[in-house]
Amino acid sequence: MSLYIGREASKTWKRFCAEVTTEINLLAENWKYILGGLICQYIHGLAARGIHYFHRPGPILQDLGFFLLPELGQDRAYISETVFTSVFLSFVLWTFHPFIFKSKKIYTVLIWCRVLACLVACQFLRVITFYSTQLPGPNYHCREGSNLARLPLPDNAVEFFLIKFHGVLYGCGDLIFSSHMIFSLVFVRTYHKYGTRRFIKQCAWLTVVIQSLLIVASRKHYTVDVVVAWYTVNLVVFFIEKTLPELPDRSNGGTLLPYTKDGWTKEENNKLLNGNSGDSTDRRPKTQSNGKIIENGNSLHIEAAINGV
């Protein structure tokens with residue numbers, strides 16, 4: 001029993017090392033796209049902070065969603081954030097699952113290159129939209145009488161370029177369209193295309209629908225912010241997927257970057273990366289049509305049986 005556990009642990013560790021090596025090689029080739037995407041996330045944060053300086057509280061606009069959905073109130077406003085956080089963390093963990101699980105279909109670096117491209121395109125459109133027209137925020141801290149409704153001008157440039165977590169949660173003015181919906185829709189669409197569990201896909205779409213209703217019920221956005229996000233994000237992701245090259249599919253047993261290290265052959269590395277054991281004890285002879293048996297790289301010639309055998 002202990003021998004079996006030790007052998008399985010060794011297989012898992014070898015598979016993990018092979019996966020790390022492959023992802024590092026991919027990162028070395030695509031680090032510019034990852035870095036560019038992260039920088040754009042920072043720029044988007046600065047833009048959302050900048051619009052807060054221009055925000056002026058005023059009467060809440062007439063909204064169909066506010067009329068149809070009951071208001072959750074400040075005490076229960078955390079519900080929508082909890083749902084969004086669960087979607088966000090679940091997706092991040094899923095993108096790193098190839099390092100642990102045998103069944104895998106994606107490469108982590110390549111999937112994040114694709115996700116960041118979609119996020120950047122959607123956020124670019126979002127920044128243009130909410131800077132075009134500044135609407136009075138419907139959230140509680142953005143209403144008249146709140147100390148957070150207006151952001152005082154920074155004392156220096158360092159303060160302007162410093163994004164605080166408190167400011168992310170209590171921003172005002174960045175309404176059309178919802179950033180929460182951008183992340184959620186991009187994540188769910190990505191899993192819908194590259195995920196393998198149909199039940200999880202259905203639950204993910206249902207969760208996004210529920211999140212849309214909770215955002216409006218929490219008065220964090222107007223209904224138009226959520227509606228515009230639904231068709232804008234889906235259209236942007238659709239056209240980006242048509243433009244970008246398709247990801248290599250690992251489910252067919254192929255690998256992207258075979259590598260040899262410490263005596264591992266490329267075939268062994270392929271098995272490790274795609275969830276098969278690289279242990280020589282698990283290999284089986286393979287019979288070919290020409291009457292040869294291939295085992296551990298050696299050819300053993302045998303005479304083919306004749307007369308019905």
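In this text the structure is predicted, and so the values were computed from the model without any measurement.
Note that the OG1 atom of Thr108 and the CG atom of Leu27 stand 10.5 Å from one another [nearest 0.5 Å]. Separation of atoms CD (Gln123) and OG1 (Thr129) is listed at 12.5 Å; rounding is to 0.5 Å. The CD1 atom of Ile51 lies 5.0 Å from the OH atom of Tyr131; values are rounded to the nearest 0.5 Å. Between the CG atom of Leu46 and the CD atom of Gln41 there is a distance of 12.0 Å, given to the nearest 0.5 Å. In this structure, the separation between NZ on Lys32 and CG on Leu35 is 10.5 Å, given to the nearest 0.5 Å. Within the model, atoms CD1 of Ile60 and CG of Asn139 stand 9.0 Å from one another, a figure rounded to the nearest 0.5 Å.
Within 6.0 Å of CZ in Arg197 there are 12 or fewer heavy atoms belonging to other residues, nucleotides or ligands. Within 6.0 Å of atom CZ in Phe160, more than 12 heavy atoms from other residues, nucleotides or ligands are found, so the atom counts as buried in its surroundings. Other residues, nucleotides and ligands contribute more than 12 heavy atoms inside 6.0 Å of the OH atom of Tyr53. Counting non-hydrogen atoms of other residues, nucleotides and ligands closer than 6.0 Å to OH of Tyr140 gives a total above 12. Atom CG of Asp75 is surrounded by 12 or fewer heavy atoms from other residues, nucleotides or ligands within 6.0 Å.
If you chain together hydrophobic residues whose side chains sit under 4.5 Å apart, Leu244 and Leu116 fall into the same group. Leu151 and Leu153 fall within the same hydrophobic cluster, where Ile, Leu, Val, Met, Phe, Trp and Tyr residues are linked whenever their side-chain heavy atoms come under 4.5 Å apart, directly or through other members. Under the 4.5 Å side-chain heavy-atom criterion for grouping Ile, Leu, Val, Met, Phe, Trp and Tyr, Phe88 is connected to Ile111 within one hydrophobic cluster. Linking ILVMFWY residues whenever their side-chain heavy atoms come closer than 4.5 Å, directly or via other members, leaves Phe67 and Ile215 in distinct clusters. Val87 and Leu119 end up in different hydrophobic clusters when Ile, Leu, Val, Met, Phe, Trp and Tyr side chains are linked at under 4.5 Å.
Contact annotation: the side chain of Arg76 approaches that of Ile79 to within less than 4.5 Å [non-hydrogen atoms, C-beta and beyond]. A 4.5 Å side-chain heavy-atom check between Cys113 and Ile34 finds at least one atom pair inside the cut-off. The shortest side-chain heavy-atom distance between Trp230 and Val208 falls under the 4.5 Å cut-off. Residues Ile106 and His97 have side chains in contact (heavy-atom distance under 4.5 Å, counting atoms from C-beta outward). A heavy-atom distance below 4.5 Å is found between the side chains of Phe183 and Ser179.
Within the 3.5 Å criterion, the main-chain N or O of Val83 finds a donor-acceptor partner in the side chain of Ser86. Side-chain N or O atoms of Thr21 include one that pairs as donor or acceptor with a backbone N or O of Cys17 at under 3.5 Å. The main-chain N or O of Gly137 is found under 3.5 Å from a side-chain atom of His55 such that the two form a donor-acceptor pair. Looking only at distances, a side-chain donor or acceptor of Thr243 sits under 3.5 Å from a matching main-chain atom of Phe239. Formation of a donor-acceptor pair under 3.5 Å by the Arg126 side chain with backbone atoms of Asp174 is found in this model. A donor-acceptor contact shorter than 3.5 Å is absent between the side chain of Tyr191 and the backbone of Ile200. Put simply, the side chain of Tyr222 never gets that close to the backbone of Leu175: no donor and acceptor are under 3.5 Å apart. With hydrogens and angles ignored, the 3.5 Å screen pairs a side-chain donor or acceptor of Thr95 with a backbone N or O of Val92. Side chain of Asp63 to backbone of Thr223: a donor-acceptor contact under 3.5 angstrom is found. Under the 3.5 Å distance criterion, the side-chain polar atoms of Arg219 are matched with a main-chain donor or acceptor of Phe66.
Looking at Lys193 and Glu246, a side-chain N of the basic residue comes within less than 4.0 Å of a carboxylate O on the acidic one, giving a salt bridge.
Ring geometry for His141 versus Tyr170: interplanar angle over 60°, hence perpendicular rather than tilted (30 to 60°).
Summarising the geometry of Cys122 relative to Ile182, their closest heavy-atom pair is CB-CG2, 3.8 Å, with the distance given to 0.1 Å. The two atoms that bring Pro57 and Cys142 nearest to each other are CB-O, 3.4 Å, heavy atoms only. Heavy atoms only, all atoms of each residue included: Pro59 and Pro136 are closest at O-CG, 3.6 Å. Across Cys118 and Val186, no two heavy atoms sit closer than the pair CB-CG1, 4.0 Å. Nearest heavy atoms, Leu148 versus Cys172: O-SG, 4.1 Å.
Using modelled atom types, one finds a donor on one side chain and an acceptor on the other under 3.5 Å when comparing Arg114 with Tyr194. Checking Asp225 against Ser178 by side-chain atom types alone, no donor-acceptor pair falls below 3.5 Å. In summary, the side chains of Glu81 and His180 do present a donor paired with an acceptor at a separation below 3.5 Å, with no hydrogens or angles considered. Side-chain atoms of Ser80 and Lys220 include a donor-acceptor pair closer than 3.5 Å. No side-chain N or O of Arg150 forms a donor-acceptor pair with one of His52 less than 3.5 Å apart. Side-chain atoms of Glu19 and Tyr107 include no donor-acceptor pair closer than 3.5 Å.
Partner of Phe91 under the ring pair (Phe, Tyr, Trp, His ring centres under 6.0 Å) criterion, chosen from Phe84, Phe96, Trp112: Trp112. Each of Val233, Val224, Val227, Val226 was scored for a side-chain contact (heavy atoms from CB on, under 4.5 Å) with Phe177, with one residue passing: Val233.
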### Task
Mind running side chain to side chain contact (heavy atoms under 4.5 Å, CB included) on Val237 and Leu185 for me, showing each step along the way?
CA-CA 9 Å; Val237 175; Leu185 287 171; over 6 Å; no
### Query
Taking it one step at a time, do Met181 and Gln211 satisfy side chain to side chain contact (heavy atoms under 4.5 Å, CB included)?
CA-CA 8 Å; Met181 292 303 302; Gln211 178 184 304; 3.7 Å; yes
